[in-house]
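Just follow the structure's listing: the first ligand is 1, and inside any ligand the first atom is 1.
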Amino acid sequence: MKMDSWEKIVSVEKDLIQANEELADENKNYFKNRGIRAIEFLGNIGSGKTSLIAKIIEKVKDKYNIAVINGDIAGDPTDIERLGVSTIQINTGGECHLDAKYIRPFVEKLPSETNLCFIENVGNLICPFEFPLGCEHRVVVVGLTDGPFIIRKHPVTFRIATVAVINKLDLQEFLDNDPKKLVEDCKSINPKAAVVLTSAKTGKGIEELIKVLNL
Ligand code: MG
Ligand code: ZN
C-alpha cells in the first residue's frame, strides 16, 4: 500500500473516533437528563461480564429500576432475563464493538422508570476501548483463564478503564496465573483505575465492586 492511501485511512479512522466521542457526550447528557446511571462492561468472551452484571443485579435490584443492554455478535441474554430486569439484546451480526451512535436508538427504548443501565459490550478486548458509549464507568473484565499476559498485552484498553475486574478467582488453584501480578500490571498501566478481584461464581468481591461503582 502506498503511503498516501495509508495516511488517508488513518485520517478517516480519526474522524470516526472523533465523531463517536461527540455522540458519546450526547449520550452522557441524555442519560443525565433522564436520570439514568449507565455502566459499561467490556472484556473477552467468557471473562464473566454477564455473570458479574447478574451478581450485581441480585444485590441491588430492590434499590434501582434496572435495564441491561447486551451486545453480542450472536447470543441471547437468558442469564439476565431470569432476574426479571428489562433486557435489550443487540446482535451486531459481525460488528466487533458497540459505538455511541449504534446504541442510541436502543437507549431511547429503555423503560421510562429505568434509573440504572448496564451496557455489556461485544466480547473483545481489542477495539471497544476506542469507542466510548457515554457511560459513567467503563469496567474492563479479565478472567484468570485469560492468561498471565492479558493485561500487559492490552495496555490501551486498560488505560481507559475506570474499574478493572480480575474475575474467576475460584479457579486460581488450577491455573498458573497469579492475580497479584495482574493487579500490578493494571496499576502500572493505569494507576487511577480501581482494581477489584472477584469470583462471579462464589460471589467473592461483588460487594466491593458494588461499592467501587457507588451503587
Ligand atoms: Mg455476555
Ligand atoms: Zn471493533
Side-chain angles (χ1 to χ4, degrees), residues 9-21 23-24 27 38-61 66-104 106-107 116-135 137-146 150 153-161 163-171 196 198-201 203 205-206 209 213:
I9 289 171
V10 169
S11 97
V12 167
E13 204 168 275
K14 269 191 185 155
D15 290 346
L16 272 175
I17 287 167
Q18 176 66 33
N20 182 75
E21 266 165 29
L23 291 165
N27 287 350
I39 297 173
E40 178 191 358
F41 276 68
L42 50 144
N44 275 340
I45 293 171
S47 57
K49 299 181 294 303
T50 310
S51 309
L52 287 166
I53 292 169
K55 280 283 181 205
I56 294 171
I57 290 173
E58 282 173 13
K59 294 202 183 272
V60 304
K61 68 179 175 185
I66 303 173
V68 179
I69 295 175
N70 185 42
D72 267 313
I73 287 178
D76 65 75
T78 45
D79 253 21
I80 301 278
E81 261 173 350
R82 73 178 162 82
L83 298 172
V85 299
S86 309
T87 56
I88 296 176
Q89 174 72 16
I90 304 179
N91 284 328
T92 64
E95 194 58 60
C96 48
H97 59 265
L98 298 177
D99 66 37
K101 186 180 179 189
Y102 194 82
I103 63 156
R104 181 59 180 261
F106 298 98
V107 164
L116 175 62
C117 177
F118 295 100
I119 302 182
E120 182 179 339
N121 214 317
V122 178
N124 155 17
L125 261 184
I126 296 172
C127 54
F129 85 92
E130 274 191 303
F131 301 93
L133 306 175
C135 297
H137 275 291
R138 304 197 76 189
V139 182
V140 180
V141 180
V142 296
L144 282 186
T145 44
D146 284 326
I150 190 70
K153 286 194 178 184
H154 297 90
V156 285
T157 296
F158 284 88
R159 235 166 260 148
I160 59 85
V163 180
V165 176
I166 297 162
N167 189 34
K168 304 204 180 182
L169 280 212
D170 52 290
L171 296 177
V196 185
T198 62
S199 164
K201 188 155 188 183
I206 301 299
L209 182 54
L213 294 173

Which pairs, with at least one residue in residues 137-146 and sequence neighbours excluded, count as a salt bridge (Lys or Arg N to Asp or Glu O under 4.0 Å)?
-> Glu40-Arg138
[Y] and [X], any side-chain heavy atoms less than 4.5 Å apart:
| X | Y | result |
| --- | --- | --- |
| Asn27 | Val107 | no |
| Val85 | Phe118 | no |
| Phe131 | Asn121 | no |

Asn70 near the Mg ion (ligand 1): N/O/S under 2.8 Å = no
Has the side chain of [X] got a donor or acceptor atom that lies under 3.5 Å from a matching backbone atom of [Y]?
| X | Y | answer |
| --- | --- | --- |
| Lys49 | Asn44 | yes |
| Asn167 | Val141 | no |
| Ser199 | Lys201 | yes |

May I ask you to list the protein N, O or S atoms found at less than 2.8 Å from the Zn ion (ligand 2)?
-> Cys96 SG, His97 ND1, Cys127 SG
Of the N, O or S atoms in Glu120, the one nearest the Mg ion (ligand 1) | OE2
